[in-house]
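Scope of the values below: all heavy atoms of this structure, side chains included, with no hydrogens, waters or symmetry mates.
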Amino acid sequence: MKRTLVAALVGLSLGANAAGWDDLRISGFGSVGIGQSDNAVGYAGYTDEKLDWEQETLAGLQFDFRINDRAKFVTQVVANSRYDYEPKIEMAYASYAFDSFTARAGKLRLPLFFYSDYTDVGYAYPMIRPSQELYENLVLKGYTGADLLIPVDFENSTLLFQPVVGIAQIDEDDSELGEVKLDNMYGLSAQWVYNDFMLRGSYFAAEANPTNSVYNGTSTDMIAGKDGQFISIGAQYDNGDFLANVEAADVQLDGEFYDYRSVNGLLGYRVGNFTPYVAAGWVETTDDEERSGLSALVMNYERLSYSVGSRWDFAKNMALKLDVTYVDYKGTSGGFASNLELMDMGGSIMPTGNFNEDSSLVYSARLDFVF
């Protein structure tokens, strides 16, 4: 059934084409990435085993169907190498433009960060990937529900409010505790644009409910029925040549599961078709006193990353990116269970309390394109 998903959408688009191309817009995007780390920790998904093509390679199609002058339906399908190229519907929503706001309902992207609406579209951002400390640490990307887009225009600036309500789900592929549903989710995102400056902030709350009480031998009681909240703030300056971006987030969940804070900053400068950049990211758990023993080893961590890279727009709608990232785990696991040193204790594998690596160095390249 999943194999026929894209074919069905294309067939639908051909049917719409018979009525006129003015009612349909088809666009697409893709990335081909390659990389390797100097050890087996797995930062950004890369290890030292081989040159890996299966972390950041993907392709997507988006279908925008215009229903009438005010309404449209949008569907986006993405096949990602990280999930064995199994096509997934990342967006499927209807929208209606009223005189002073737009209402949307269906499956939508959750507006957590600057690049949340297009994290899969690598061509849309200057770096090789959004910050691991911010974006990848929070694996939730979308939700099912409704939102409003409410612009407020001033003389020289625009303020956009986006209230959100619905439910969300963290897939098993992205979670150490299996599939987790986020019920009773609500929140608000706001963004203010003034000339070359942009400020944004968001707040979201939800209740975590794992699908299974035990996953891979681990009890999920630590998050079952627990309330969580997410707060982020960010600022960006982009005058066409110079780019500066900073974002920060605070995530809290009731109970034993860890809370954390993270921040990332990037500086870039466009020189012709090249955009070299430097970036730094940091994440640290903030409730370490709530855990001890094995839980503390696994869940109490800190991580600091430094990146140097460049984007080269060598052809229309195509960009090649190169990046080198150094990661300091600050004497902790860095948030990776794979970094725990293990030993055989009479047939039982137990952590020693030490860590395999103090740091990682990741080399990666990626080709991004849109059509």
Side-chain angles (χ1 to χ4, degrees), residues 26-38 42-48 50-62 76 78-82 85 90 109 113-136 141 195-198 234-247 263-281 304-327 360-371:
I26 302 175
S27 57
F29 55 88
S31 298
V32 179
I34 185 172
Q36 190 169 18
S37 175
D38 66 341
Y43 185 83
Y46 291 111
T47 67
D48 59 351
K50 61 179 180 179
L51 279 172
D52 195 340
W53 295 82
E54 297 180 347
Q55 293 304 317
E56 298 180 282
T57 298
L58 58 83
L61 287 173
Q62 181 164 317
Q76 185 185 96
V78 178
N80 195 317
S81 60
R82 295 171 65 177
Y85 297 104
E90 297 291 350
R109 293 285 190 175
F113 303 109
F114 276 119
Y115 304 114
S116 290
D117 285 343
Y118 38 85
T119 52
D120 289 328
V121 188
Y123 186 83
Y125 41 81
M127 72 291 285
I128 197 166
R129 66 185 72 87
S131 167
Q132 295 288 292
E133 284 63 50
L134 274 168
Y135 288 69
E136 287 301 310
K141 293 192 296 184
N195 294 331
D196 299 328
F197 292 94
M198 182 186 300
Q236 179 170 287
Y237 175 79
D238 187 353
N239 66 0
D241 295 322
F242 178 70
L243 169 65
N245 176 291
V246 62
E247 294 186 86
V263 64
N264 182 79
L266 179 141
L267 296 174
Y269 193 83
R270 299 179 181 90
V271 183
N273 294 327
F274 292 89
T275 307
Y277 65 83
V278 295
L304 183 61
S305 71
Y306 305 93
S307 299
V308 176
S310 183
R311 169 179 174 142
W312 176 29
D313 290 272
F314 66 94
K316 182 180 179 181
N317 295 335
M318 301 184 75
L320 178 65
K321 300 172 184 176
L322 304 175
D323 182 278
V324 178
T325 296
Y326 171 79
V327 193
S360 292
L361 191 62
V362 177
Y363 308 88
S364 51
R366 186 160 128 174
L367 173 67
D368 294 321
F369 55 89
V370 293
F371 56 90

**Student:** Can you give the donor-acceptor pairs under 3.5 Å from side chains of residues 31-38 to other protein atoms, not counting sequence neighbours?
**Tutor:**
unit_1	atom_1	unit_2	atom_2	d
Ser31	OG	Asp368	OD1	2.5
Gln36	NE2	Asp48	O	3.2
Ser37	OG	Asn39	N	3.3
Ser37	OG	Asn39	O	3.4
Asp38	OD1	Leu361	N	2.9

**Student:** Taking atom CG of Asn80 and atom CG of Asp120, what is their separation to the nearest 0.5 Å?
**Tutor:**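 Reported to 0.5 Å precision, the distance equals 6.5 Å.
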
**Student:** Would a 4.5 Å heavy-atom cut-off, applied to side chains only, mark Met127 and Lys321 as touching?
**Tutor:**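 Side-chain contact under 4.5 Å: no.
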
**Student:** So, Asp52 and Arg82, do they make that salt bridge, N to O below 4.0 Å?
**Tutor:**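 Result for this pair is no, no salt bridge flagged.
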
**Student:** Distance from Asp241 atom CG to Asp196 atom CG, nearest 0.5 Å?
**Tutor:**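 Output value for this atom pair is 10.0 Å.
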
**Student:** Quick check: closest heavy atoms across Thr57 and Tyr85, and the distance to 0.1 Å?
**Tutor:**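 So the minimum-distance heavy-atom pair works out to CG2-OH, 3.6 Å.
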
**Student:** Considering only NZ, NE, NH1 and NH2 on the basic side and carboxylate oxygens on the acidic side, decide whether Arg311 and Asp313 come within less than 4.0 Å.
**Tutor:**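 The answer is yes: the pair qualifies as a salt bridge.
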
**Student:** How are the rings of Tyr118 and Tyr115 set to each other: parallel, tilted or perpendicular (split at 30° and 60°)?
**Tutor:**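 Rings of Tyr118 and Tyr115: perpendicular, over 60°.
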
**Student:** Nearest 0.5 Å, please: how far is CG in Leu320 from CG in Asn273?
**Tutor:**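 Taking CG in Asn273 and CG in Leu320, the distance rounds to 12.0 Å.
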
**Student:** Between the main-chain N or O of Thr119 and the side-chain N or O of Tyr125, is there a donor-acceptor pair closer than 3.5 Å?
**Tutor:**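 At least one qualifying donor-acceptor pair exists.
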
**Student:** Quick check: do Leu134 and Phe114 have side-chain heavy atoms less than 4.5 Å from each other?
**Tutor:**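 The answer is no, as the side chains (C-beta and beyond) never meet within the 4.5 Å cut-off.
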
**Student:** Please tell me if the side chains of Gln76 and Leu61 come closer than 4.5 Å, counting only heavy atoms from C-beta onward.
**Tutor:**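 Gln76 vs Leu61: side chains apart.
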
**Student:** May I ask you to test the Val121-Gln62 pair for a side-chain heavy-atom distance under 4.5 Å?
**Tutor:**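 Side-chain contact under 4.5 Å: no.
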
**Student:** Residues two or more places apart in sequence or in another chain: which of them pass side-chain hydrogen bond (donor to acceptor under 3.5 Å, both in side chains) with Tyr123?
**Tutor:**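 In terms of side-chain hydrogen bond (donor to acceptor under 3.5 Å, both in side chains), with neighbours along the sequence ignored, Tyr123 is linked to no residue.
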
**Student:** Using distance alone, with no hydrogens and no angle criterion, decide if Ser81 and Gln55 have a side-chain donor and acceptor under 3.5 Å apart.
**Tutor:**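 No, no side-chain donor-acceptor contact under 3.5 Å.
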
**Student:** Could you check whether Arg129 and Ser364, counting side-chain N and O atoms only, form a donor-acceptor pair closer than 3.5 Å?
**Tutor:**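 Yes.
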
**Student:** Any side-chain heavy-atom pair from Tyr135 and Glu247 closer than 4.5 angstrom?
**Tutor:**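 Yes, side chains in contact.
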
**Student:** Go through the side-chain N and O atoms of Gln236 and Asn245 and say whether any donor and acceptor fall under 3.5 Å apart.
**Tutor:**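 Result is yes, a qualifying pair exists.
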
**Student:** Crowded around Tyr326 OH? As in, over 12 foreign heavy atoms under 6.0 Å?
**Tutor:**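 For Tyr326, atom OH is crowded (more than 12 foreign heavy atoms under 6.0 Å).
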
**Student:** Run the ring-ring contact (aromatic ring centres under 6.0 Å, His included) test on Phe29 and Phe369 for me, step by step, so that the C-alpha distance in whole Å, both residues' side-chain angles and the decisive distance to 0.1 Å come before the verdict.
**Tutor:** CA-CA 6 Å; Phe29 55 88; Phe369 55 89; 8.8 Å; no

**Student:** Would you call Phe242 and Leu267 a side-chain contact if the rule is heavy atoms closer than 4.5 Å?
**Tutor:**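 Yes. Closest side-chain heavy atoms under 4.5 Å.
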
**Student:** Mind listing the closest non-hydrogen atom pair of Asn264 and Ala280 along with its distance?
**Tutor:**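 Of all heavy-atom pairs spanning Asn264 and Ala280, the closest is OD1-O, 2.8 Å.
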
**Student:** How close do Phe274 and Ser310 get, counting heavy atoms only, and between which atoms?
**Tutor:**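 Heavy atoms only, the tightest pair is CD2-OG, 4.2 Å.
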
**Student:** Can Val308 and Val278 be said to form a side-chain contact (heavy atoms from CB on, under 4.5 Å), step by step?
**Tutor:** CA-CA 5 Å; Val308 176; Val278 295; 4.3 Å; yes

**Student:** Under the criterion side-chain contact (heavy atoms from CB on, under 4.5 Å), I'd like the reasoning laid out for Phe197 against Asn239: C-alpha separation, chi angles, the key distance, then a yes or no.
**Tutor:** CA-CA 8 Å; Phe197 292 94; Asn239 66 0; over 6 Å; no

**Student:** Do Asp323 and Arg366 meet the salt-bridge criterion of a basic N to acidic O distance under 4.0 Å?
**Tutor:**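 Salt bridge between Arg366 and Asp323, a charged N being under 4.0 Å from a carboxylate O: no.
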
**Student:** State whether a side-chain donor-acceptor pair under 3.5 Å links Tyr46 with Glu56.
**Tutor:**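 Per modelled atom types, Tyr46 and Glu56 side chains form a pair under 3.5 Å.
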
**Student:** Quick one: are Val327 and Leu304 in side-chain contact, heavy atoms under 4.5 Å?
**Tutor:**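 They are not in side-chain contact.
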
**Student:** Testing the basics here: between Thr325 and Ser305, what is the closest heavy-atom pair and its distance to 0.1 Å?
**Tutor:**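 In this case the closest contact between Thr325 and Ser305 is CG2-CB, 4.2 Å.
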
**Student:** In terms of heavy-atom contacts, does OH of Tyr237 have more than 12 from other residues, nucleotides or ligands at under 6.0 Å?
**Tutor:**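 Yes, enclosed.
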
**Student:** Heavy-atom distance under 4.5 Å between the side chains of Tyr363 and Leu322, does that happen here?
**Tutor:**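 In short, these two side chains do not touch, never coming nearer than 4.5 Å.
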
